[in-house]
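Worksheet: one structure, shown below.
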Amino acid sequence: MKYSKITRRDQARQLVIDLETRGSQAFPAFLECLRQTGQHALAELLQCGDGARLPPSVPIQPSLIPLPVQNPKYTEKPDRPDFTPSRLGPLRPERLPVPNPLSPCESCYKMDASPCGICLIINNVDFDPDCDLKDRTGSDIDCDKMEKRFKALNFEVIAKRNLKYKRIRHEMASLAKRDHSAYDCCVVIILSHGTEANHNRFPGAVHGVDGPAVPVQLITNYLNGQNCPSLQGKPKLFFIQACGGGEKDTGFEVSPDEVEPSLGGIDDQMDAIPISSSSDSLSTSDELDARATLPTPSDILVSYSTFPGYVSWRDTQAGSWYVENLDCVLEENAATDDLVTMLMMVNAAVSQISAKGLYKQMPGSFNFLRKLLYFQSSLS
């Protein structure tokens with residue numbers, strides 16, 4: 001029923017009902033206002049109808065009583081009844097509209113396409129001898145795990161091995177040019193050496209097998225809404241297994257109850273080179289390209305294997321700490337938990353491992369997703 005179609009009597013009745021829902025003092029305060037404005041007969045009528053009696057010895061100051069504001073029950077604002085006292089103020093104060101909480105469907109990304117999306121894996125293992133970067137023994141183990149895992153999550157997986165700097169950019173450009181209209185998501189996984197780099201939003205850079213490094217910021221930029229319109233509003237996920245710099249984290253002492261320590265493998269290696277600025281490996285034009293074209297990074301999540309500036313550890317026989325735990329968490333929890341929750345599980349698991357009984361590692365994420373993300377699962 002709309003207010004425009006009801007009578008004054010119905011409006012008055014609705015006013016009384018509204019007052020009764022505003023706390024125990026709202027209705028008595030309204031009656032007192034009627035008396036103070038000379039409308040004694042109306043006040044007595046309402047009081048007798050309600051059965052409430054005001055103690056005459058206790059004056060009420062309506063102006064001092066805050067009245068809670070409730071969401072209106074009608075979409076159209078009603079006309080105020082003629083007897084609304086001016087001292088009480090408007091029954092429904094003017095205010096900016098407040099959006100309703102998201103429904104379950106609106107609070108989660110759509111992830112039911114089949115396949116759900118494309119997953120590109122760049123696996124750099126064998127590096128040119130001239131670039132002073134060691135081969136990444138054990139990275140193929142990581143690649144196999146991620147390929148199997150994201151196929152199980154109903155992604156079309158494309159794995160590329162030993163890409164040079166220009167080839168990394170070429171593959172990202174090709175991915176951006178594809179039509180993702182039939183997909184709900186896009187995933188990029190990079191397994192390589194890494195280093196620090198100048199950035200505006202996303203830190204770090206990953207090395208091609210020939211030495212030069214591509215900024216993570218530039219990699220994410222290929223899939224933004226401007227460069228890849230068919231992914232607008234859809235989640236773009238980046239998982240980076242690479243060092244964020246050359247600093248080693250020795251951690252700090254805590255109570256034994258705080259952690260369950262776990263030792264790394266007997267042959268842990270770092271995915272890093274000594275700390276350098278981006279000018280050591282990138283041209284000025286590359287840096288300007290990344291800064292000039294990067295828009296607000298909505299619907300992007302970048303998960304790093306380590307905190308910016310620090311090394312990331314990899315076992316030559318079992319693969320990297322980060323990928324091993326990411327694979328395990330996805331396997332055990334993708335059917336029930338959202339992505340951000342699962343990444344916190346990965347953080348907790350990796351933080352308890354120690355390399356050579358001394359060095360630590362802390363993964364982290366730059367999260368610009370707008371909704372919860374639940375992967376498809378064969379168990380769901």
- May I have the step-by-step check of side-chain contact (heavy atoms from CB on, under 4.5 Å) for Val216 and Phe238, ending in yes or no? CA-CA 9 Å; Val216 173; Phe238 299 83; 5.9 Å; no
- Under the salt bridge (Lys or Arg N to Asp or Glu O under 4.0 Å) rule, collect the residues that match up with Glu156, sequence neighbours excluded. Arg178
- pair His170-Leu163: side-chain heavy atoms closer than 4.5 Å: no
- Any sub-3.5 Å donor-acceptor pair from Asp315's side-chain atoms to Gln317's backbone N or O? yes
- If every non-hydrogen atom of Tyr359 is compared with every non-hydrogen atom of Trp321, which pair is closest and at what distance? O-CH2, 3.9 Å
- Item | Distance, nearest 0.5 Å, that separates CD1 of Ile122 from CD of Glu171 | 6.5 Å
- Item | Any donor-acceptor N/O pair, Gln361 side chain to Thr306 backbone, under 3.5 Å | no
- Message: Hydrophobic cluster membership, with links at side-chain heavy-atom distances under 4.5 Å among I/L/V/M/F/W/Y: are Leu231 and Ile158 in one?
- Response: yes
- Output yes when a side-chain donor or acceptor of Arg314 lies under 3.5 Å from a complementary backbone atom of Thr137, and no otherwise. yes
- Item | Partner residues of Asp327 under the salt bridge (Lys or Arg N to Asp or Glu O under 4.0 Å) criterion, sequence neighbours left out | Arg149
- Is the backbone N or O of Gly319 less than 3.5 Å from a side-chain atom of Asp142, with the two atoms forming a donor-acceptor pair by type? no
- Query: Is the shortest heavy-atom distance from the side chain of Cys185 to the side chain of Leu237 under 4.5 Å?
  - Reply: yes
- Note on the structure: Sorted by chain and number, sequence neighbours left out, side chain to side chain donor-acceptor pair (under 3.5 Å) with Asn325 holds for none
- Query: Is it true that a side-chain atom of Ser230 and a backbone atom of Asp179 form a donor plus acceptor pair closer than 3.5 Å?
  - Reply: no
- Query: Does the side-chain contact (heavy atoms from CB on, under 4.5 Å) test come out yes or no for Val188 and Leu223, once each step is laid out?
  - Reply: CA-CA 10 Å; Val188 175; Leu223 300 184; 4.0 Å; yes
- Task: Find the distance between NZ (Lys371) and SG (Cys108) and round it off to the nearest 0.5 Å.
- Result: 8.5 Å
- Message: Could you list the cluster mates of Tyr374? Members are the ILVMFWY residues connected by side-chain heavy atoms closer than 4.5 Å, either directly or through other members.
- Response: Leu372
- Message: Looking at Ser303 and Phe239, would you say the former's side chain and the latter's main chain have a donor-acceptor pair under 3.5 Å?
- Response: no
- Task: Evaluate the side-chain proximity of Leu326 to Met146: yes if any heavy-atom separation is below 4.5 Å, no if none is.
- Result: yes
- Query: Members other than Val125 in its cluster, when Ile, Leu, Val, Met, Phe, Trp, Tyr link by side-chain heavy atoms under 4.5 Å?
  - Reply: none
- Item | Heavy-atom pair of closest approach, residues Ala242 and Val206 | CB-CG1, 4.0 Å
- Message: Checking Ser139 now: which residues fulfil side chain to side chain donor-acceptor pair (under 3.5 Å) with it, not counting sequence neighbours?
- Response: Asn123, Arg136
- Query: Who are the ring pair (Phe, Tyr, Trp, His ring centres under 6.0 Å) partners of Phe368, not counting sequence neighbours?
  - Reply: Phe202
- Message: Are Val187 and Leu153 packed together at the side-chain level, in the sense that at least one heavy-atom pair is separated by less than 4.5 angstrom?
- Response: no
- Query: Which pairs, with at least one residue in residues 210-232 and sequence neighbours excluded, count as a salt bridge (Lys or Arg N to Asp or Glu O under 4.0 Å)?
  - Reply: none
- Task: Can you measure from CG (Leu369) to CG (Leu339) and round to the nearest 0.5 angstrom?
- Result: 7.0 Å
- Task: Would you indicate whether the side-chain heavy atoms of Asp184 and Asp112 approach each other to under 4.5 Å?
- Result: yes
- Task: State which residues pass salt bridge (Lys or Arg N to Asp or Glu O under 4.0 Å) with Lys151; sequence neighbours excluded, sorted by chain then number.
- Result: Glu147
- Query: So which pairs with a foot in residues 172-192 pass ring pair (Phe, Tyr, Trp, His ring centres under 6.0 Å), sequence neighbours left out?
  - Reply: none
- Message: Main chain of Ala113, side chain of Gln376: is a donor-acceptor contact present, judged purely on distance under 3.5 Å?
- Response: yes
- Item | Hphob cluster co-occupancy, Leu330 + Ile141, side-chain heavy atoms under 4.5 angstrom | no
- Query: Under the 3.5 angstrom rule, does the side chain of Asn224 hit a backbone N or O of Gln226 as a donor-acceptor pair?
  - Reply: yes
- Take Asn333 and Thr341, measure what side-chain contact (heavy atoms from CB on, under 4.5 Å) needs, and give me the verdict at the end. CA-CA 9 Å; Asn333 301 278; Thr341 298; over 6 Å; no
- Query: Can you list the residues that meet the side chain to side chain donor-acceptor pair (under 3.5 Å) rule with Arg161, with sequence neighbours excluded?
  - Reply: Asp126, Asp140
- Query: Tell me, do Val214 and Ile190 make a side-chain contact under 4.5 Å, heavy atoms counted?
  - Reply: no
- Is it the case that one hydrophobic cluster holds both Val340 and Phe150, taking links as side-chain heavy atoms less than 4.5 Å apart, direct or via other members? yes
- Is there a donor-acceptor pair closer than 3.5 Å between any side-chain N or O of Asn162 and the backbone N or O of Val209? no
- CZ on Arg167 to OG on Ser174, rounded to 0.5 Å: 7.0 Å
- Message: Could you measure the distance from the SG atom of Cys119 to the CG atom of Asn154? Nearest 0.5 Å is fine.
- Response: 12.0 Å
- Item | Contacts of type side chain to side chain donor-acceptor pair (under 3.5 Å), residue Asp299, not counting sequence neighbours | Tyr109, Arg370
- With the side chain counted from C-beta on, respond yes when Leu191 and Cys143 share a heavy-atom pair under 4.5 Å apart, and no when they do not. yes
- Check Ala197 against Ala205 and note the closest heavy-atom contact, atom names and distance. CB-CB, 3.8 Å
- Asn124 side chain near His193 side chain, heavy-atom distance below 4.5 Å: no
- Message: Using modelled atom types and a 3.5 Å cut-off, is there a donor and acceptor pairing between side-chain atoms of Lys234 and backbone atoms of Ser181?
- Response: yes
- Correct closest heavy-atom pair for Phe127 and Ser192 would be CZ-OG, 3.6 Å
- Shortest non-hydrogen contact from Ala349 to Ile353? O-CG1, 3.6 Å
- Atom CG in Asp338, atom CE in Met111: separation rounded to 0.5 Å? 11.5 Å
- Item | Ser312 versus Tyr304, side-chain donor and acceptor atoms under 3.5 Å | no
